[in-house]
Protein chains: 2
Amino acid sequence: MTTARRDTYTPESLLSVAVQVFNERGYDGTSMEHLSKAAGISKSSIYHHVAGKEELLQRAVSRALDGLFSVLDEPGAVRGRAVERVEYVTRRTVEVLVDELPYVTLLLRVRGNTRTERWALERRREFDHQVAELLKAAAADGDLRADVDIRLATRLLFGMVNSLVEWYRPHPGTTPGQLADAVVHMAFDGLRTARP
Amino acid sequence: MTTARRDTYTPESLLSVAVQVFNERGYDGTSMEHLSKAAGISKSSIYHHVAGKEELLQRAVSRALDGLFSVLDEPGAVRGRAVERVEYVTRRTVEVLVDELPYVTLLLRVRGNTRTERWALERRREFDHQVAELLKAAAADGDLRADVDIRLATRLLFGMVNSLVEWYRPHPGTTPGQLADAVVHMAFDGLRTARP
């Protein structure tokens, strides 16, 4: 028997529990029963807060997407040379990813079986597209190497950045800012000193 | 009712079907029933070839791991400056990944619930470790930028390379060799032309 605790959840704190369960079991593999157990409150208490698990998913991926898209409106993303803007966006994307780790993790694992998942995939593609446009503008300015294939570079850049959700764990040695610098430096300047 | 077809499988061709099912359903989510349906032969026919699904997993991830580890013994990986060797290994890793896409995909999704999965994770870590050692040697030679954190660079490099299993699909425009060049160029030289 589960001892239900008094429902002291806010929409925010319930979301945080739900996202953890979604990330552990997968969204498809999570039932309202699982959420009720993890939160320690009854299913009807959960329904008091949200219409169902899809609403929780929608709120969670919105939080990740809002964080990412707001980067594109920051002064560093809209002013200056395109190459500086795309570096800025890359740096800030890493920081948002670290700040909102469970939410972005969920976003990146979404597969597209429900309306909300398809919408999230569509928004992710739109974000990637905007970064690709910045890379294209940087190439047109002559600031990217002539042999860079923009489509491929965009994929590899996000491959590098998004891999953080698989292995990054906060630790005292590295701040999110240092992590972001390492990503930008590697992607834009490369690991090598000048070639002979 | 399933119409069982005559068992004309070789260990190789049965493995190829199994890997596809594992990648679609996840290894944990795959039963002998699923494998039997996908292969169109009875479970007892499958048991004629292998002791069970863990043996199929073991063969599949071994194929990926053998491909990756054999790169480390190739002349380009053992002779010359460390930075050239690590670039060579990166390039060949991408090629192996593309050549053995379903097998490496499975390897990268392994989570560690069974003995075989834990073994596979251990071997992956060993491979990453050997690449990290090459990067360390390249740094000691002065061929990597002084600010490169080797541990972080190894993670980001594999993040970039391994992301291929999520989005790469063979298409006429890009050969595996061109893809490998793009990865090496971005990781080691960066996307930018010289900074002002």
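Sequence lines set the chain letters: A, B, ... in the order given, protein chains first and strands last, and positions in each chain run from 1.
B/Val78 and B/Leu72 sit in two unconnected hydrophobic clusters of ILVMFWY residues. Membership requires side-chain heavy atoms under 4.5 Å apart, directly or through other members.
The most heavy-atom pairs under 4.5 Å with chain A, out of B/Leu164, B/Asp149, B/Asp147, come from B/Asp147. Per-residue counts of heavy-atom pairs under 4.5 Å with chain B were compared for A/Ala182, A/Gly159, A/Ser163, A/Ala138; the largest is that of A/Gly159.
When each of B/Val83, B/Val86, B/Val148, B/Ile150 is paired with A/Leu191, the side chain to side chain contact (heavy atoms under 4.5 Å, CB included) condition holds for B/Val148 and for no other.
The environment of A/Arg79 atom CZ is sparse: at most 12 non-hydrogen atoms of other residues, nucleotides or ligands sit within 6.0 angstrom. Applying the 6.0 Å contact sphere to CD of A/Glu54 captures more than 12 heavy atoms from other residues, nucleotides or ligands. Summarising the local packing, CD of B/Glu126 is surrounded by more than 12 heavy atoms from other residues, nucleotides or ligands at distances under 6.0 Å. Counting non-hydrogen atoms of neighbouring residues, nucleotides and ligands closer than 6.0 angstrom, the CZ atom of B/Arg151 reaches no more than 12 such neighbours.
Going from atom CZ of A/Arg155 over to atom CH2 of B/Trp167 covers 6.5 Å, rounded to the nearest 0.5 Å.
B/Met186 and A/Leu156 get closest at one heavy-atom pair: SD-CB, 3.8 Å. What you find for B/Thr193 and A/Gly142 is that their closest heavy atoms are OG1-O, 3.4 Å.
Side chains of B/Tyr168 and A/Leu152 form no contact here, defined as non-hydrogen atoms less than 4.5 Å apart.
When heavy atoms are compared at a cutoff of 4.5 Å, B/Val183 approaches chain A by way of both its backbone and its side chain. B/Arg111 touches chain A through its side chain: at least one heavy atom from C-beta onward sits under 4.5 Å away, while N, CA, C and O do not. Interface remark: B/Leu157 contributes backbone and side-chain atoms alike to the contact with chain A (heavy atom separation under 4.5 Å).
Checking side-chain atoms of A/Arg145 against main-chain N and O of B/Gly190 turns up a donor-acceptor pair under 3.5 Å.
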